[in-house]
2 protein chains.
Amino acid sequence: MNVVAISKVLANDTRLSILRWLKDPEENFPPHKDIDHFDDGVCVGYIQDKAGLSQSTISTYLSLMQQADLIIPTRHGKWTYYRRNEAVIDQYMKSLRQMI
Amino acid sequence: MNVVAISKVLANDTRLSILRWLKDPEENFPPHKDIDHFDDGVCVGYIQDKAGLSQSTISTYLSLMQQADLIIPTRHGKWTYYRRNEAVIDQYMKSLRQMI
DNA sequence: TTTTCATATCTATATTTCGCGATATGTAAA
DNA sequence: TTTACATATCGCGAAATATAGATATGAAAA
């Protein structure tokens, strides 16, 4: 867990928003068609619609966030669902508070 | 107080280190020649020596950090001393935790 | 009142990031 | 076994950032 690396990922309005939206999928996204819960998170298309940026940009952002271990992907058929990695997010906040 | 703007400033090893060093000047810097306390912080030259980057780079970094209200400058004769702005740092941590 | 010293600002270049369209990949549907 | 769809990756130009040297500024010392 690299604090500065994670700070870089979070130093972007869209990426910070995505992390926030994923905290409450019911509130921020429509229900998925194939499943009736958000246990594995939210599919890329919904995140893209909400963010209003191109498909490739959002996919790249999600990839960045995943490389930083902030989110966890799960494949369901054609779709990839992303959910928060609460343990890492928590650890980041704790480390940052201690460092700062 | 803009959370993303502050995150950008802190998403850099040197700048994060500077903020940490300023938390304990006695521990991290030699005593100043003209004054025997660090109440107004630490002069630019000492910070530059410790960081090992050029004078202009450190001055630019400190200026960035000041624009983000993370540090407060005080002029003492030829020297500029910088100290932490604990209120803003605290508010940043609180906001980030709530957002994240 | 020149000179010196500490810091700030300007200018320049290299690297990184932003964001996109085009294309590739993997999966399910037809 | 093609086709269609969701997502990932590639390649790109534009914008921002990192970092330095040169120069300017402001204050004290000579």
Side-chain angles (χ1 to χ4, degrees), chain A residues 2 4-19 22 25 29-35 38 40-68 70-83, chain B residues 2 4-19 22 25 29-35 38 40-68 70-83:
Chain A
N2 180 329
V4 169
I6 293 187
S7 290
K8 276 184 213 209
V9 173
L10 296 182
N12 172 285
D13 280 300
T14 302
R15 291 192 296 258
L16 183 61
S17 292
I18 290 173
L19 204 62
L22 291 181
F29 300 97
H32 287 122
K33 284 157 184 78
D34 54 340
I35 46 172
F38 288 102
D40 288 330
V42 179
C43 71
V44 177
Y46 285 179
I47 298 172
Q48 184 201 328
D49 289 346
K50 181 120 180 156
L53 293 179
S54 76
Q55 187 271 319
S56 72
T57 297
I58 294 302
S59 183
T60 302
Y61 280 3
L62 291 170
S63 174
L64 270 175
M65 294 171 75
Q66 187 206 324
Q67 281 164 235
L70 287 169
I71 55 177
I72 299 165
T74 307
R75 189 102 196 198
H76 276 233
K78 295 194 286 189
W79 295 273
T80 306
Y81 295 78
Y82 284 98
R83 69 180 190 279
Chain B
N2 180 329
V4 169
I6 292 186
S7 290
K8 275 184 213 208
V9 172
L10 296 182
N12 172 286
D13 280 300
T14 302
R15 292 192 296 257
L16 183 60
S17 293
I18 290 173
L19 204 62
L22 291 181
F29 300 97
H32 287 122
K33 284 156 183 80
D34 54 339
I35 46 173
F38 287 103
D40 288 329
V42 179
C43 70
V44 177
Y46 285 179
I47 297 173
Q48 184 202 329
D49 289 345
K50 181 122 180 155
L53 293 179
S54 75
Q55 187 270 321
S56 72
T57 297
I58 295 303
S59 184
T60 303
Y61 280 4
L62 292 171
S63 173
L64 271 175
M65 295 171 75
Q66 187 206 324
Q67 281 164 235
L70 287 168
I71 55 177
I72 299 166
T74 307
R75 188 101 197 199
H76 276 233
K78 295 195 285 189
W79 296 273
T80 306
Y81 294 78
Y82 284 98
R83 69 181 190 277

Review point. Taking atom P of D/dA24 as reference, at what distance in whole Å does atom NZ of B/K78 sit?
Key: 20 Å
**Study point:** Interatomic distance, A/Q67 CD vs C/dT17 P [rounded to whole Å]
**Key:** 11 Å
Practice item. Send over the distance from A/K33 NZ to D/dC5 P, rounded to a whole Å. Key: 13 Å
Point to revise | Distance test, side-chain N/O of A/N12 to OP1/OP2 of C/dC18, below 4.0 Å | key: yes
Review point. The side chain of A/K8 lies closest to which of these nucleotides: C/dT17, C/dT7, D/dT7?
Key: C/dT17
Check your understanding: Between the side chain of A/Y46 and the main-chain N/O of A/P31, is any donor-acceptor distance below 3.5 Å?
Key -> yes
Exercise for review: Let me know the distance between CD of A/Q48 and C1' of D/dT9, rounded to the nearest Å.
Suggested key: 15 Å
Check your understanding: Distance-only, no hydrogens or angles: does the B/R75 side chain make a donor-acceptor pair with backbone N or O of B/G77 under 3.5 Å?
Key -> yes
Exercise for review: Please check if the side chain of A/S63 supplies one atom and the backbone of A/S59 the other of a donor-acceptor pair under 3.5 Å.
Suggested key: no
Check your understanding: For A/Y81 and C/dT27, what is the distance between atoms OH and C1' respectively, to the nearest whole Å?
Key -> 13 Å
Check your understanding: In whole Å, what is the span from the CG atom of B/D49 to the C1' atom of C/dT7?
Key -> 14 Å
Point to revise | Distance in angstrom units between B/R75 CZ and C/dC5 P, rounded | key: 16 Å
Revision key, fill the gap. What residues 52-65 of chain A contributes to the DNA chain C interface at heavy-atom separation below 4.0 Å is A/L53, A/S54, A/S56, A/T57, A/Y61
Review point. Is there a side-chain contact between A/I71 and A/I18, using heavy atoms and a 4.5 Å cut-off?
Key: no
Review point. What integer distance in Å separates A/D34:CG from C/dT27:P?
Key: 15 Å
Exercise for review: Walk me through it: do B/D34 and B/H76 pass the test side-chain hydrogen bond (donor to acceptor under 3.5 Å, both in side chains)?
Suggested key: CA-CA 9 Å; B/D34 54 339; B/H76 276 233; 4.8 Å; no
Check your understanding: Is it the case that more than 12 heavy atoms not belonging to A/N2 sit under 6.0 Å from its CG atom?
Key -> yes
Study note, to complete from the structure: By nearest-heavy-atom nucleotide on DNA chain C, the more 5' of B/C43 and A/G77 is B/C43
Practice item. Could you label the plane-to-plane angle of the B/Y81 and B/H32 rings as parallel, tilted or perpendicular, counting under 30° as parallel and over 60° as perpendicular? Key: perpendicular
Study note, to complete from the structure: Closest to the 5' end of DNA chain C, once B/Q66 and A/R15 are matched to their nearest nucleotides, is B/Q66
Exercise for review: Could you tell me whether A/Y82 contacts a base, only the sugar-phosphate backbone, or nothing, with contacts defined as non-hydrogen atoms closer than 4.0 Å?
Suggested key: sugar-phosphate
